[in-house]
Amino acid sequence: MARPEVLTRLKEAESDADDIIAEAKEEREQRISEARETAEDIRQEAEEEAAALKEERLSEAREEIAHEKERILEEGEAEREALLATAAENEDDAVEFALERFTEAVHAQT
């Protein structure tokens, strides 16, 4: 093979190699770009799921708080009713006790 022909083939081989390298770089950049897009999609989906889960848990907590509030109010009302009943039962005794003390105080002064 003549020397000019060898040089030509070498130049062609270098050109082919450059083309292969350029193509590989483009493919690499495209894969990186696709991977970034996929990662962004996954991140966004995870954020949306986290936000939905947060809202669900907040809703459940609010509902639980509302039930607990209602239970506490009902207990308080029941205690109030019990105290009123006890006070009503003791009203006559309290009036009688107060009158006895008053009477004793009046007699003590005379």
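Worth knowing before you read on, the calculation uses all heavy atoms, side chains too, and leaves out hydrogens, waters and symmetry mates.
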inquiry  = Can you tell me if Glu81 has over 12 outside heavy atoms packed within less than 6.0 Å of its CD?
reply    = yes

inquiry  = Determine whether Glu60 and Glu64 satisfy the following criterion, side-chain contact (heavy atoms from CB on, under 4.5 Å), listing intermediate values before the conclusion.
reply    = CA-CA 6 Å; Glu60 289 171 358; Glu64 187 177 325; over 6 Å; no

Spacing of Ile20 atom CD1 and Lys25 atom NZ [to the nearest 0.5 Å] = 13.5 Å

inquiry  = So Glu96 and Glu100, do their side chains get closer than 4.5 Å, heavy atoms only?
reply    = yes

query = Got a second to check how far Asp18's CG is from Glu14's CD, nearest 0.5 Å?
reply = 7.0 Å

ask   = From Leu73 CG over to Glu68 CD, what is the distance, rounded to the nearest 0.5 angstrom?
value = 10.0 Å

ask   = What do the steps show when you test His67 against Arg71 for side-chain contact (heavy atoms from CB on, under 4.5 Å), and what is the final call?
value = CA-CA 6 Å; His67 288 302; Arg71 184 189 65 76; over 6 Å; no

message = With a 4.0 Å cut-off on N to O distance, would you call Arg31 and Glu27 a salt bridge?
response = yes

query = Between the main-chain N or O of Glu29 and the side-chain N or O of Ser33, is there a donor-acceptor pair closer than 3.5 Å?
reply = no

key: Reported CD-to-CZ distance for the pair Glu104 and Arg101, which is rounded to 0.5 angstrom   = 5.5 Å

ask   = Does Gln30 CD have over 12 foreign heavy atoms under 6.0 Å away?
value = no

ask   = Is a salt bridge present between Arg9 and Glu12, judged by a nitrogen-to-oxygen distance below 4.0 Å?
value = no

inquiry  = Nearest 0.5 angstrom please: Glu77 CD to Ile72 CD1, how far?
reply    = 14.5 Å

request  = Without swapping roles, check the side chain of Thr8 against the backbone of Pro4 for a donor-acceptor pair under 3.5 Å.
outcome  = yes

Can you give the donor-acceptor pairs under 3.5 Å from side chains of residues 38-59 to other protein atoms, not counting sequence neighbours?
from	atom 1	to	atom 2	distance (Å)
Thr38	OG1	Glu34	O	2.9
Glu40	OE1	Arg43	NE	3.2
Glu40	OE1	Arg43	NH2	3.3
Glu40	OE2	Arg43	NH2	2.2
Arg43	NH1	Glu47	OE1	2.9
Arg43	NH1	Glu47	OE2	2.4

